[in-house]
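Okay, structure first, notes after.
Remember, predicted model here, so these are calculated numbers, not experimental data. Numbering of residues begins at 1 and proceeds along the displayed sequence.
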Amino acid sequence: MLLSDQAGQTAAPKIARPATLRESVIEAIQELIVSGQLKPGQHLVESELAELLGVSRQPVREALQQLSGEGWVDLHPGQGAFVHVPTLEEADQLLAVRTLLETESARLAALHAGEEGVKRLRALCERGIAAVRSDDVDGAVATNSELHTLVTALSGNRVLAELAAQVARRVRWYHTPVARQRGMASWEEHQALIDAIDAGDEDRAAQIMREHTEHTRASYMEQRENEPAEPAPKPVRRRRPRQLG
């Protein structure tokens, strides 16, 4: 039976589109990169990824092509695919955009979060603190991402939430290497942010979020500047076919 809207026009029900195998493979490879299981500059062998993910090589090949276009993977002719090594400039630019988006999210969240929203934020903060105390870096990073996503959702601005979601996974990639370095200080900043949101102090919430995201940005840039230069990818040696006879 078809549904009708208020104007009497027929409206088709929304049907969720299942993810294709290629989309699932893309998601899985991105997660391996973000979590650090695949390191920047690491050679990506199609057969190994296919075996790891339990799929054939074709969807892996298609996924690597798309991830190359999105800046997650670099394809080198004659050498193969490698995990992208973010330049300092692109990391700095993305983290600067993140600061702008999340500062406004925090300001609006202070106006719209409500008691239930603050309760959810405090629960995430407690989980993040527990992860830090148990030296669970992956758990702390994942919870940090959840908390920032929730702040944006509580802003009540859907366009802002969509824009923030576009950069969230790459931000998580950049945050992972400095999560241990930021440690408990990051979660103390989260506590102060939640207190400001709870108090409805939009200016204070925006200021804390701006400083918080800038601290992460500065930590990442400092760590990258102190790293040794990345070597160029080495050519992949190919075995010559064995001569018969």
Looking at [X] and [Y], does any basic side-chain N land under 4.0 Å from a carboxylate oxygen?
X	Y	answer
Arg127	Glu146	yes
Arg122	Asp198	yes
Glu27	Arg169	yes
Asp203	Arg107	no

**Message:** Does any part of the side chain of Leu94, heavy atoms only, come nearer than 4.5 Å to the side chain of Val171, both counted from C-beta?
**Reply:** yes
* Do Leu32 and Leu52 have side-chain heavy atoms sitting under 4.5 Å apart? -> yes
Contacts of Arg172 meeting side chain to side chain donor-acceptor pair (under 3.5 Å) (sequence neighbours excluded), chain-then-number -> Glu31
Between [X] (side chain) and [Y] (backbone), is there a donor-acceptor pair under 3.5 Å?
X	Y	answer
Ser145	Ala142	no
Ser186	Gly183	no
Gln42	Lys39	yes

State plainly whether one hydrophobic cluster holds both Val132 and Val141, where clusters connect Ile, Leu, Val, Met, Phe, Trp and Tyr through side-chain heavy atoms under 4.5 angstrom apart.
no
Practice task
Report the C-alpha distance between Arg182 and Asn144 in whole Å, list the side-chain angles of each, state the deciding distance to 0.1 Å, and finish with yes or no for side chain to side chain contact (heavy atoms under 4.5 Å, CB included).
Solution key: CA-CA 12 Å; Arg182 291 280 283 127; Asn144 177 81; over 6 Å; no
Consider only side-chain N and O atoms of His84 and Glu90, and report whether a donor and an acceptor are under 3.5 Å apart. yes
Open item on the list: Could you check whether His212 and His148, counting side-chain N and O atoms only, form a donor-acceptor pair closer than 3.5 Å?
Closed with: yes
Output for pair (Leu108 CG, Thr152 OG1), nearest 0.5 Å, gives 10.0 Å
Contacts of Ser68 meeting side chain to side chain contact (heavy atoms under 4.5 Å, CB included) (sequence neighbours excluded), chain-then-number -> Leu75
Identify each donor-acceptor pair in which a side-chain atom of residues 157-164 lies under 3.5 Å from a protein atom, sequence neighbours left out, and give them as a table.
| unit_1 | atom_1 | unit_2 | atom_2 | d |
| --- | --- | --- | --- | --- |
| Asn157 | OD1 | Val159 | N | 3.1 |
| Asn157 | OD1 | Leu160 | N | 2.9 |

Scanning both residues in full, the closest heavy-atom pair of Leu64 with Ala81 reads CD1-CB, 4.1 Å
The side-chain contact (heavy atoms from CB on, under 4.5 Å) partner of Tyr174 among Val167, Leu95, Asp92 is Leu95
